[in-house]
Each structure stands twice: as C-alpha cells, then as structure tokens.
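Please read the structure below before turning to the comments.
Remember, predicted model here, so these are calculated numbers, not experimental data. Throughout, numbering of the chain's residues begins at 1 and tracks the sequence.
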Amino acid sequence: MKHRHSLWLLIVMSLLILQKTGHCEESSSVVKHQGLVYAEDSGAGNETRSLHLDLFVPMTSEPPPLVVWIHGGGWRNGSRRNPKLMEVTENGYALASLSYRFSKEAIFPAQVHDCKAAIRWLRANSNRYGYNAEWIAVAGSSAGGHLALLLGTSGDVTELEGEVGGNLKQSSSVQAVIDYFGPSDFVLRGKTQPERAYTNQSGSYALLGGKGGKVPEQMERLASPATYVSTDDPPLLIFHGTADKTVLLDQSDRMVELYDAVGLDVELIRLEGAGHGGKRFFEGNSLQKAILFLNAHRPD
C-alpha cells in the first residue's frame, strides 16, 4: 500500500508540474516543451488570458543559440503550431514559436508588447531549458515578418516595450532578423496599396484601429519598422516574392533603402514569380540561405 501511495503521489506531482510548465516530450535528439506560458494579459472584455510558446531544444554539447519564430495571419489569425524553420534545430539552434494577441482582442501595439515579453521570458528562462539566450535571432512571415522587423528596429523605443509578462530587467533586443514578406512601412502602403491599407481586405486596417476607410497616420508611423531604423540595428535577411500582391515588394525595398543609408547589413532575396508565401520560401536554396545567414552572425 505504501508503494502504491508513493506512486500515486508521484503521478499527481508530475501532472501539477506539467500544468505549470506545459507538455514536455523528447523526440529523437530534440526536447519539445509545448504550451509554456510566457505571460498573462487581458484580452477582449478585459478577461485574463495566457500567452503561450512552444520550445524545441536540440541536445547538443553546448547550449544552442535561439531562433524565435513569429507566425503570420494578418494579425487576426494563425497559429504557433508547426512553425516554419524547424530545420534550424538540426543545425545547432533551439527554436521557440510564440502566440500573440490578435487585433480582435487588442489593437497595436499589443502584438509587439507580447513579442517583446516572450523575448524577455526566453532570456529569463534560458538556464532552465538549456539554450543560450545571449544571442537571439527572430524570424517571421507576413504579419509575423512585420513583428520580427519591429523587434529588430525598435529595441530602444519605450512605447513599444510594454510591461507584459514582467521580466523587465531582461533585454528584449534581438541580434539578427529574418523577414519573410512582412510589411515595413504603413505610410508607404497607404500610398501604393490603399485598397488594402484602408479596407478590411488587409488585417492592418483593424490592427491600427482603422475606421471609416481611414487610419491615423500617427498609428501608421508608430507601427512601421521603417520608422525606427538606426545604426545599432541587427543584420537583416529578407525574402519576398516578385509576384506578391498581398504585401508589395516595395515594402522590402524600403527596408533595404533605409538599412543601406546607415551602413547596416541587409540582403533582399527576391523569389522570381513567387506570391505571398509557399514552400519555396522555407525549403531548398531559401532554407540554406537562411541557415547560412544565422551561421554568419551567431556568436563563436
């Protein structure tokens, strides 16, 4: 009976730990921690909701550096599940994939506040989960690309830092950015793509609090990574399809122009004939270029 009681106590304790830390499993040489809570904040109606991330840590001789993936979906849908760039875990990197509040729950800057909260949490918990968070690369596609760009360019912007999730002594800065066809300049988008910028055809309209076919220019500038480009920004790799009609190529050209103007490291890879997304961006030659970029900028 004593043995049975001890076994039951161990099971209960294990369940309680999983409720607090998320689901953990080991697959081949990668340890997966799923559903980790990185912050709690208010959603629509001010109800409290938990913000989650999934973490994939390869078992390496030294703690691997970290890549953070931010999913797309027009800031109104999408999922952290099945993140792109999982292959980085086969190339000596840990990968985190995070959720963030959608525009129906809160408008900008809630989304970047959430992403910065996740970066701070990941730094605060690096020893616990066995990766190196001194150097963090961030990557994202479409809306996630926009948020990745913002993390790269707005490291010193108090208004975009927020206090979500605490860990405020930790830095939210990132050391490298990979952007897949993300918007970078909403003022420019209003000029070259007004049919998307000022209607519900694009998720940015709700994100920026648009009403009556208009978006305050102050919000457009506040949410634009282009607003914050400065000489201390991290190296940037951009992928964009030449046939993209959802986010025009001029959004990526704009970042190249601004980076070049202050002598920063930037490369734009144009995928000829590609539209807004697709496998071509995340496999084959494109995947190899992304890994080469990470390898070139990771610490020794």
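- Rounding to the nearest 0.5 angstrom, the gap separating the CG atom in Leu236 from the OG atom in Ser252 is 8.5 Å.
- Judged by distance alone, with hydrogens and angles left aside, the side-chain atoms of Arg189 form no donor-acceptor pair with the main-chain N or O of Ala197 at under 3.5 Å.
- Every residue two or more places apart in sequence or in another chain that forms a side-chain hydrogen bond (donor to acceptor under 3.5 Å, both in side chains) with Asp232 is listed here: Ser230.
- Here Phe281 pairs with Phe181 under the ring pair (Phe, Tyr, Trp, His ring centres under 6.0 Å) rule; sequence neighbours left out.
- Of the inter-residue distances, the one linking Ser286 atom OG with Leu271 atom CG reads 4.5 Å to the nearest 0.5 angstrom.
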For residues 109-117, which side-chain N or O atoms pair as donor and acceptor with protein atoms under 3.5 Å away, sequence neighbours left out?
residue, atom, partner, partner atom, Å
Gln111, OE1, Phe108, N, 3.4
Gln111, NE2, Arg101, O, 3.2
Gln111, NE2, Ala106, O, 2.7
His113, NE2, Glu159, O, 3.0
Asp114, OD1, Arg101, NE, 3.2
Asp114, OD1, Arg101, NH2, 2.8
Asp114, OD2, Arg101, N, 2.9
Asp114, OD2, Arg101, NE, 3.0
Lys116, NZ, Ser154, O, 2.7
Lys116, NZ, Ser154, OG, 3.1

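- Judged purely by atom type and a 3.5 angstrom limit, Gln175 uses its side chain to pair as donor or acceptor with the backbone of Ile136.
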Quiz item: Checking side-chain contact (heavy atoms from CB on, under 4.5 Å) for the pair Ile238/Ile269: CA distance, chi angles, key distance, verdict?
Solution: CA-CA 6 Å; Ile238 307 173; Ile269 297 173; over 6 Å; no
Quiz item: Does the side-chain contact (heavy atoms from CB on, under 4.5 Å) test come out yes or no for His240 and Leu268, once each step is laid out?
Solution: CA-CA 7 Å; His240 210 128; Leu268 169 57; 4.1 Å; yes
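- The distance from the CD1 atom of Ile291 to the CD atom of Glu90 is 8.0 Å, given to the nearest 0.5 Å.
- Trp75 has its ring centre less than 6.0 Å from the ring centre of His146.
- Under a cut-off of 6.0 angstrom, the local environment of CG in Asn82 is sparse, with at most 12 non-hydrogen atoms contributed by other residues, nucleotides or ligands.
- A heavy-atom distance below 4.5 Å is not found between the side chains of Tyr38 and His52.
- Evaluation of the ring pair (Phe, Tyr, Trp, His ring centres under 6.0 Å) rule for Tyr259 yields no partner, not counting sequence neighbours.
- If you chain together hydrophobic residues whose side chains sit under 4.5 Å apart, Phe186 and Val247 never meet in one group.
- Counting only heavy atoms from C-beta outward, the side chains of Ser141 and Phe282 approach each other to under 4.5 Å.
- Checked by atom type and distance alone, the side chain of Tyr228 never pairs as donor or acceptor with a backbone atom of Leu151 at under 3.5 Å.
- Checking side-chain atoms of Thr231 against main-chain N and O of Val262 turns up no donor-acceptor pair under 3.5 Å.
- The two residues Thr242 and Arg270 come nearest to each other via the heavy atoms CG2-CB, 4.0 Å.
- Nearest heavy atoms, Thr192 versus Pro194: C-CD, 3.5 Å.
- The pair Glu267-Lys289 fails the salt-bridge criterion, with no side-chain N (NZ, NE, NH1 or NH2) lying under 4.0 Å from an Asp/Glu carboxylate O.
- Applying the side-chain hydrogen bond (donor to acceptor under 3.5 Å, both in side chains) test to pairs two or more places apart or on separate chains, those with a residue in residues 176-186 are Asp185-Arg254.
- Within the model, atoms CZ of Arg128 and CG of Leu122 stand 12.5 Å from one another, a figure rounded to the nearest 0.5 Å.
- With sequence neighbours left out, Asp233 forms a salt bridge (Lys or Arg N to Asp or Glu O under 4.0 Å) with no residue at all.
- Distance check, rounded to the nearest 0.5 Å: CG of Leu258 to CE of Met255 gives 6.5 Å.
- A donor-acceptor distance shorter than 3.5 angstrom exists from the side chain of Thr153 to the backbone of Pro225, with no hydrogens or angles considered.
- Between Val177 and Gly152, the shortest heavy-atom distance links the atoms CG2-CA, 3.8 Å.
- If you chain together hydrophobic residues whose side chains sit under 4.5 Å apart, Leu188 and Val256 never meet in one group.
- Side chain of Arg196 to backbone of Gln201: a donor-acceptor contact under 3.5 angstrom is found.
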Exercise. Just do the side-chain contact (heavy atoms from CB on, under 4.5 Å) check on Leu55 and Leu36 with the steps written out, would you?
Key: CA-CA 8 Å; Leu55 187 59; Leu36 298 172; 4.1 Å; yes
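- Between His297 and Trp135, the shortest heavy-atom contact is O-NE1, 2.9 Å.
- In this view, Arg120 and Glu161 satisfy the side-chain hydrogen bond (donor to acceptor under 3.5 Å, both in side chains) rule, not counting sequence neighbours.
- Annotation for Ala137 and Leu294: closest pair CB-CD2, 3.6 Å, computed over non-hydrogen atoms.
- In Glu195, the CD atom is crowded: over 12 heavy atoms of neighbouring residues, nucleotides or ligands sit closer than 6.0 Å.
- The side-chain hydrogen bond (donor to acceptor under 3.5 Å, both in side chains) search around His276 returns Ser142, Asp244, not counting sequence neighbours.
- Put simply, the side chain of Glu105 gets close to the backbone of Phe102: a donor and an acceptor are under 3.5 Å apart.
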Give the table of side-chain donor-acceptor pairs shorter than 3.5 Å for residues 206-216, with sequence neighbours excluded, one pair per line with atom names and distance.
none

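- Linking ILVMFWY side-chain heavy atoms closer than 4.5 Å, directly or via other members, places Tyr198 and Val187 in two distinct hydrophobic clusters.
- In plain terms, the two heavy atoms of Pro65 and Gly92 that are nearest each other are CD-O, 3.5 Å.
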Practice problem: Decide yes or no on side-chain contact (heavy atoms from CB on, under 4.5 Å) for Tyr100 and His71, but give the supporting numbers first. | Solution: CA-CA 9 Å; Tyr100 52 90; His71 70 78; 3.6 Å; yes
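- Under the 3.5 Å distance criterion, the side-chain polar atoms of Gln288 are left unmatched by any main-chain donor or acceptor of Glu283.
- Legend: residues meeting salt bridge (Lys or Arg N to Asp or Glu O under 4.0 Å) with Glu163, ordered by chain and number and at least two apart, are absent.
- For Asp54, the salt bridge (Lys or Arg N to Asp or Glu O under 4.0 Å) partners are Arg80, Arg81, not counting sequence neighbours.
- Looking at heavy atoms from C-beta onward, Met86 lies in side-chain contact with Leu95 at the 4.5 angstrom threshold.
- Looking only at distances, no side-chain donor or acceptor of Tyr93 sits under 3.5 Å from a matching main-chain atom of Val57.
- Within the 4.5 Å cutoff, side-chain heavy atoms of Pro58 are placed close to those of Pro64.
- Scored by the salt bridge (Lys or Arg N to Asp or Glu O under 4.0 Å) test, Arg221 finds Glu217 as partners (sequence neighbours excluded).
- Note that the CD1 atom of Ile178 and the CH2 atom of Trp69 stand 9.0 Å from one another [nearest 0.5 Å].
- Phe239 and Leu248 fall into different hydrophobic clusters, where Ile, Leu, Val, Met, Phe, Trp and Tyr side chains are chained together by heavy-atom contacts under 4.5 Å.
- Ser202 contributes a side-chain N or O that, together with a main-chain N or O of Ser204, makes up a donor-acceptor pair within less than 3.5 Å.
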